[in-house]
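Everything on this sheet refers to the single structure shown next.
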Amino acid sequence: MCFVTECNNIPSVDNATATVDGLPPVLPIEHGTQVVFECNSGYSSKTVLMAECGETTPGVVNVSSLVCFEGNVLLKNNF
């Protein structure tokens, strides 16, 4: 039986940059490693954008629910 313990690919998130421990990720990453996506300048998110290697599927970083919105969503929601 073969278990996938690494992620060989980190899918991109539009208008965001992936980091692992504050640095660009070096592939492959180990199962359970958290990848933080920081929205680029001019974009923001309502929450911290984070995905974990193998959290939902072994060998996969699932970014399907991660979104950076144009502008500052925190300010727009306060008015």
Side-chain angles (χ1 to χ4, degrees):
M1 190 178 288
C2 178
F3 292 99
V4 177
T5 59
E6 297 177 333
C7 292
N8 293 310
N9 179 41
I10 298 174
S12 62
V13 172
D14 289 343
N15 304 305
T17 303
T19 61
V20 173
D21 296 327
L23 300 171
V26 176
L27 297 174
I29 58 173
E30 292 292 320
H31 177 82
T33 299
Q34 293 181 339
V35 180
V36 175
F37 292 84
E38 298 175 16
C39 294
N40 297 336
S41 179
Y43 293 85
S44 62
S45 175
K46 296 176 185 177
T47 62
V48 173
L49 302 179
M50 185 173 53
E52 185 176 304
C53 173
E55 181 176 26
T56 56
T57 305
V60 175
V61 177
N62 182 356
V63 299
S64 62
S65 65
L66 306 183
V67 179
C68 287
F69 298 93
E70 190 170 6
N72 188 332
V73 294
L74 296 178
L75 287 178
K76 288 180 181 177
N77 289 338
N78 289 332
F79 294 105

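With rounding to the nearest 0.5 Å, the separation of CD in Glu52 from CD in Gln34 is 5.5 Å. Distance CG/Leu27 to CG/Asn9: 7.0 Å, rounded to 0.5 Å. To the nearest 0.5 Å, the span separating NE2 on His31 from CD on Glu55 amounts to 9.0 Å.
Under a 3.5 Å cut-off, the side chain of Ser44 and the backbone N or O of Gly71 do form a donor-acceptor pair.
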Where do Val20 and Val35 land on the side-chain contact (heavy atoms from CB on, under 4.5 Å) test, with the steps shown first?
CA-CA 5 Å; Val20 173; Val35 180; 4.0 Å; yes

Decide side-chain contact (heavy atoms from CB on, under 4.5 Å) for Asn62 and Thr57; before the verdict, give the C-alpha distance in whole Å, the side-chain angles of both, and the deciding distance to 0.1 Å.
CA-CA 8 Å; Asn62 182 356; Thr57 305; 5.9 Å; no

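In terms of heavy atoms, Thr19 sits closest to Glu38 at OG1-OE2, 3.6 Å. Across all non-hydrogen atoms, the minimal contact from Val63 to Ser12 is CG2-O, 4.0 Å. Across every non-hydrogen atom of Gly59 and Cys7, the tightest pair is C-SG, 3.4 Å. Taking both residues in full, the closest heavy atoms of Ala16 and Phe37 are given as CB-CB, 4.1 Å, listed atom of the first, atom of the second, then distance. The two residues Asn15 and Cys68 make their nearest non-hydrogen contact at O-SG, 3.6 Å.
Counting heavy atoms from C-beta outward, Ile29 and Val61 have side chains that approach closer than 4.5 Å. Looking only at side-chain heavy atoms (C-beta outward), Leu49 and Cys39 come within less than 4.5 Å of each other.
For CG of Asp14, the number of neighbouring non-hydrogen atoms (other residues, nucleotides, ligands) closer than 6.0 Å is 12 at most.
Each of Val48 and Ile10 belongs to its own hydrophobic cluster when Ile, Leu, Val, Met, Phe, Trp and Tyr are linked at side-chain heavy-atom distances under 4.5 angstrom. Val60 and Val13 fall into different hydrophobic clusters, where Ile, Leu, Val, Met, Phe, Trp and Tyr are joined by side-chain heavy atoms under 4.5 Å apart, directly or via other members. Val36 and Val26 fall into different hydrophobic clusters, defined by Ile, Leu, Val, Met, Phe, Trp and Tyr side-chain heavy atoms under 4.5 Å apart, directly or through other members.
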